[in-house]
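Counting starts at 1 for both ligands and their atoms, in listed order.
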Amino acid sequence: MHNDIKRVLFSSDSLIQRASEIGKQITEDFKGEEVIVVAVLKGSFMFLSDLLKNIDLYCRLDFVAVQSYGDTVYSGDLVLIKDISVDVRGKNVVIVEDILDTGKTLDFVKRLIEKKQPKTVKVCVLLDKKTKKASTIKADYTGFETDDVFVVGYGLDHAQLYRNLPYIGELKPEIYS
Ligand code: IMP
Ligand code: MG
């Protein structure tokens with residue numbers, strides 16, 4: 001598995017450290033209030049875990065799952081596979097996603113949540129890729145910026161593999177091309 005990685009971009013320690021910083025920032029920003037964390041399955045799960053351990057607030061957790069269809073993995077229309085079941089009306093919501101690439105996924109999820117009339121909606125992403133965005137969506141909390149290369153690990157996959165790597169690395173192009 002490690003042989004498929006061209007280079008390590010973010011070490012396990014640096015990811016845990018950054019997740020903890022963002023968790024503490026969210027704690028500060030919502031002091032005295034409750035938040036509902038809505039995580040996007042599946043890629044966000046490791047970041048989510050390290051983040052939540054550092055959110056020192058009353059906090060509820062729910063998940064959404066979306067799937068894209070179309071000619072490439074990212075360009076197709078998005079379909080909601082799993083909606084949230086917690087009631088977010090009048091509540092503070094923090095959406096947690098692994099990576100902001102074209103922005104389509106987060107745009108879709110943010111609109112879905114906004115329709116449910118929460119008090120506030122913030123977007124938290126581990127990685128923001130320097131890609132041409134198809135949407136104007138911006139993250140309120142960002143772990144790291146990355147170059148436009150295909151990355152895996154720490155929850156991120158290629159063909160459902162590599163999610164269990166403790167670090168984030170660039171996948172060798174011959175693996176996915
Ligand atoms: P967007 O809708 O184009 O912003 O794409 C976001 C989704 O594409 C993320 O939730 C990831 O699942 C996936 N994605 C984008 N880039 C990568 C990558 O480099 N590695 C793994 N998944 C990626
Ligand atoms: Mg995803």
Please confirm whether [X] comes under 4.0 Å of ligand 1, counting heavy atoms of the residue only.
X	value
L106	no
L171	no
D98	yes

Flag for D56-T27: side-chain donor and acceptor within less than 3.5 Å: no
Q17 side chain to D13 side chain, donor-acceptor N/O pair below 3.5 angstrom: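 D13 and Q17 do not have a side-chain donor-acceptor pair below 3.5 Å.
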Backbone or side-chain N or O of V151 under 3.5 Å from ligand 1 N or O: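 In this structure, V151 places an N or O atom under 3.5 Å from an N or O of ligand 1.
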G103 N/O under 3.5 Å from ligand 1 N/O: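 Looking only at distances, the answer is yes, because the N/O contact criterion of under 3.5 Å is met.
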H2 and Y162 aromatic centres sub-6.0 Å: no
Just heavy atoms, cut-off under 4.0 Å: does [X] contact ligand 1 by side chain, backbone, both, or neither?
X	answer
T131	neither
D157	backbone
L156	side chain
K129	side chain

Residue list, salt bridge (Lys or Arg N to Asp or Glu O under 4.0 Å) with K115, at least two apart or on another chain: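 So K115 forms no salt bridge (Lys or Arg N to Asp or Glu O under 4.0 Å) with any residue.
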Partners passing salt bridge (Lys or Arg N to Asp or Glu O under 4.0 Å) against K119 (at least two apart in sequence or in another chain): E33
Atom OH of Y58: over 12 foreign heavy atoms under 6.0 Å: no
Option of least heavy-atom distance to atom 9 (C) of ligand 1 (set: I99, L78, D107):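 Checking each option, the heavy atom nearest atom 9 (C) of ligand 1 is found in I99.
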Heavy-atom proximity to atom 7 (C) of ligand 1, best of T105, L127, V40, V109: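 It is T105 whose heavy atom sits nearest to atom 7 (C) of ligand 1.
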Per-atom contacts of ligand 1 with T102, taking only distances under 4.0 Å to non-hydrogen atoms: 1 (P), 2 (O), 3 (O), 4 (O)
Interfacing atoms of ligand 1 (cut-off 4.0 Å, heavy-atom, V149): 19 (O)
Verdict with reasoning, E21 to R18, per salt bridge (Lys or Arg N to Asp or Glu O under 4.0 Å): CA-CA 5 Å; E21 286 167 11; R18 189 71 189 112; 2.7 Å; yes
SB check D157 R163 (cutoff 4.0 Å): yes
Y154 and Y167: CA distance, side-chain angles, deciding distance, ring-ring contact (aromatic ring centres under 6.0 Å, His included) verdict: CA-CA 6 Å; Y154 195 64; Y167 56 84; over 10 Å; no
